[in-house]
Amino acid sequence: MGEPKGSRIRLIAGRWRGRRLAFPAEPGLRPTPDRVRETLFNWLNPWLAGARCLDLFAGSGALGFEALSRGAAAATLVDCNAAVVAALRENRARLGAEAAIMVGEALDYLAGQGPAAFDIIFLDPPYASRLLPDALTTILARRILAPAGLIYIESAVAYGFELPAGLRWHRRGQAGGVAYGLAALAS
């Protein structure tokens, strides 16, 4: 397996701590910064053990593989770019990770999911795509998030973002031009 041309990102903690993931240089592919990932996974620590995770706009795979590295039971990584999916499969093989990797459009993937399929969902689409509202609407309508589950949401500060009815912020943060947070189902 040849290594994809592009960039690398380091896994922060867990069984694959310090291992690097290679990913292609593709337009719109922008991994979550280390500082934000570290904060996110500190927040998620109480929920990770045994969690079923979905990395919907997988890109580098850093969120899904980091979750597995830290004790998640399962991770499904979805991306529509063939070069990105090939790199995800190579990284899975390099790590010896048991991750499902799916090629396809995020909203099409969600349309095929049933209730309570995931405990943690990572939503970090290309910022300019404006896919967040549609993804969240579908997740809520199809009840894809487990009742006590969490959704990680990342967007550019410049776009601003309000949660749809049915979700509430659990935690939020900002780093430079990146706004991020964890959302939970509203009671």
Side-chain angles (χ1 to χ4, degrees), residues 3-4 6-26 28-81 83-103 106 109 117-127 132 135 139 144-146 148-156 170-176 178-184:
E3 195 153 307
S7 300
R8 293 176 160 276
I9 192 163
R10 175 184 61 87
L11 293 175
I12 298 168
R15 65 182 164 168
W16 300 315
R17 179 183 180 169
R19 301 279 301 268
R20 297 200 178 270
L21 303 174
F23 59 93
E26 292 287 327
L29 199 154
R30 159 218 35 77
T32 300
D34 281 0
R35 184 172 131 208
V36 173
R37 274 189 303 122
E38 190 163 353
T39 298
L40 166 64
F41 282 97
N42 286 339
W43 289 349
L44 286 176
N45 192 48
W47 289 272
L48 276 172
R52 297 163 296 156
C53 300
L54 172 63
D55 191 349
L56 192 57
F57 303 91
S60 69
L63 298 176
F65 288 124
E66 186 80 39
L68 287 171
S69 182
R70 293 175 182 237
T76 300
L77 289 75
V78 180
D79 206 284
C80 63
N81 181 307
V84 167
V85 168
L88 290 170
R89 288 179 176 150
E90 288 183 18
N91 286 322
R92 175 181 62 187
R94 239 183 249 114
L95 294 172
E98 292 189 31
I101 297 175
M102 314 299 274
V103 62
Y109 178 81
F118 298 100
D119 302 303
I120 299 171
I121 300 174
F122 300 105
L123 295 181
D124 178 15
Y127 291 164
L132 275 175
I139 289 165
I144 295 168
L145 183 66
L150 294 167
I151 302 173
Y152 170 71
I153 299 168
E154 182 178 319
S155 69
H170 175 71
R171 305 237 7 209
R172 294 172 83 172
Q174 183 175 327
V178 176
Y180 60 95
L182 289 176

Practice item. Check each of I120, T76, L68 against C53 using the side-chain contact (heavy atoms from CB on, under 4.5 Å) test, and report the only one that passes. Key: I120
Can you give each donor-acceptor pair under 3.5 Å made by side-chain atoms of residues 39-49, sequence neighbours left out, with the distance rounded to 0.1 Å?
{"unit_1": "T39", "atom_1": "OG1", "unit_2": "R35", "atom_2": "O", "d": "3.2"}
{"unit_1": "N42", "atom_1": "ND2", "unit_2": "E38", "atom_2": "O", "d": "3.3"}

Check your understanding: Which value, rounded to the nearest 0.5 Å, describes the distance between I101 atom CD1 and E90 atom CD?
Key -> 10.0 Å
Return a table of donor-acceptor pairs under 3.5 angstrom between the side chains of residues 55-67 and protein atoms on other chains or two or more places apart.
{"unit_1": "D55", "atom_1": "OD2", "unit_2": "G64", "atom_2": "N", "d": "2.9"}
{"unit_1": "S60", "atom_1": "OG", "unit_2": "A62", "atom_2": "N", "d": "3.2"}
{"unit_1": "E66", "atom_1": "OE1", "unit_2": "I12", "atom_2": "N", "d": "2.8"}
{"unit_1": "E66", "atom_1": "OE1", "unit_2": "R37", "atom_2": "NH1", "d": "3.3"}
{"unit_1": "E66", "atom_1": "OE2", "unit_2": "I12", "atom_2": "N", "d": "3.3"}
{"unit_1": "E66", "atom_1": "OE2", "unit_2": "A13", "atom_2": "N", "d": "2.9"}
{"unit_1": "E66", "atom_1": "OE2", "unit_2": "R70", "atom_2": "NE", "d": "2.8"}
{"unit_1": "E66", "atom_1": "OE2", "unit_2": "R70", "atom_2": "NH2", "d": "3.3"}

Exercise for review: Return the minimal non-hydrogen interatomic distance between D119 and G50, and the atom names on each side.
Suggested key: OD2-O, 4.3 Å
Review point. Looking at A97 and W16, what are the two nearest heavy atoms and their distance?
Key: CB-CH2, 3.4 Å
**Study point:** Distance-minimising heavy-atom pair for R52 and A146
**Key:** NH2-CB, 3.9 Å
Practice item. Could you list the residues that satisfy salt bridge (charged side-chain N to carboxylate O under 4.0 Å, His left out) with R10, not counting sequence neighbours? Key: D34
Review point. Does R20 reach the side chain of I9, with side-chain heavy atoms less than 4.5 Å apart?
Key: no
Practice item. Identify the two heavy atoms, one from C80 and one from V103, that lie closest to each other, and give their separation to 0.1 Å. Key: O-CG2, 4.3 Å
Check your understanding: In this structure, are over 12 heavy atoms from other groups packed under 6.0 Å from R17 atom CZ?
Key -> no
Practice item. Output the distance between atom OH (Y109) and atom CE (M102), rounded to the nearest 0.5 Å. Key: 5.5 Å
Practice item. Using modelled atom types only, decide if a donor and an acceptor are shared between the side chain of N91 and the backbone of L21 within a distance under 3.5 Å. Key: no
Review point. Can you find a heavy atom in the side chain of F118 that is under 4.5 Å from one in the side chain of I144?
Key: yes
Check your understanding: Atom CD1 in I151, atom CG in L182: separation rounded to 0.5 Å?
Key -> 10.0 Å
Check your understanding: So, does R19 use its side chain to make a donor-acceptor pair with the main chain of R94 at under 3.5 Å?
Key -> yes
Exercise for review: Please name the pair of heavy atoms, one in L123 and one in L132, separated by the smallest distance, quoted to 0.1 Å.
Suggested key: CB-CD2, 3.7 Å
Exercise for review: Starting at CG of L54, measure out to CZ of F122 and round the result to the nearest 0.5 Å.
Suggested key: 9.0 Å
